[in-house]
Amino acid sequence: MRLLHFPQDARLLRRRADPLPESAFGTDSLRIYASELGRLLVAHEGMGLAATQVDFDPAWRIVVIAQGSNYSALCNPEIVSTRGESWATEGCLSFASVPEPLPAPAGLVVRYRSVDGKRREVECDINGARCVAHEVDHLNGKLIIDRMGELQRRIFLGKVYRRRRAGDDDVETPPS
Ligand SMILES: [Zn+2]
């Protein structure tokens, strides 16, 4: 699997992921799919990665979240409640990890299934909430730039393309 980059992979990044069917849980193919996402997350030193960010089609509703040097996989994640708002810088692997100040929930509760199908519900604090909200947006085809006004988006994309030209990222420079 390869990490997708904006704007060259915009069509795939805009996909809406499909819910994992009951028959997928506990299978080797789901374990391999999740571990491949986890491997990419660790290799790119990200905080989270969603299945819509890799070149595997169709994309299933699964995100991986970094936990130290390891990760956890959340299948069919559903945000059941959010609270408050916090401002902090946030980046996205598909946008050269350029940090940008953005609001996000200060906390949230997420319900999901493990790769083995176990039902879990977890309350996330400030950093976890930002990360989970970002990744669940990805599963719905929503990107970090959709949360910006037009001016902020232009400045942000300028920084993304400059960082790639400077060779800090492993992709070609998109046409500007
Ligand atoms: Zn992202």
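Position 1 is the first residue of the sequence; numbering continues from there. Every number for a ligand or one of its atoms is a count from 1 in the order of the listing. In this text the structure is predicted, and so the values were computed from the model without any measurement.
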> Would you say L3 and M1 are hydrophobically clustered, going by side-chain heavy atoms of ILVMFWY under 4.5 Å?
Replying inline: yes
> Which residues and atoms, counting only protein N, O or S, are under 2.8 Å from the Zn ion (ligand 1)?
Replying inline: C92 SG, H134 NE2, H138 NE2
>> Just to verify, what does E22 make a side chain to side chain donor-acceptor pair (under 3.5 Å) with, not counting sequence neighbours?
In response: R113
> Between V63 and H138, is any pair of side-chain heavy atoms under 4.5 Å apart?
Replying inline: no
> Closest heavy-atom contact between Y33 and A51?
Replying inline: OH-CB, 3.2 Å
> So do the side chains of Y71 and L37 get within less than 4.5 Å of each other, counting heavy atoms only?
Replying inline: no
> Shortest non-hydrogen contact from R111 to V80?
Replying inline: CZ-CG1, 3.6 Å
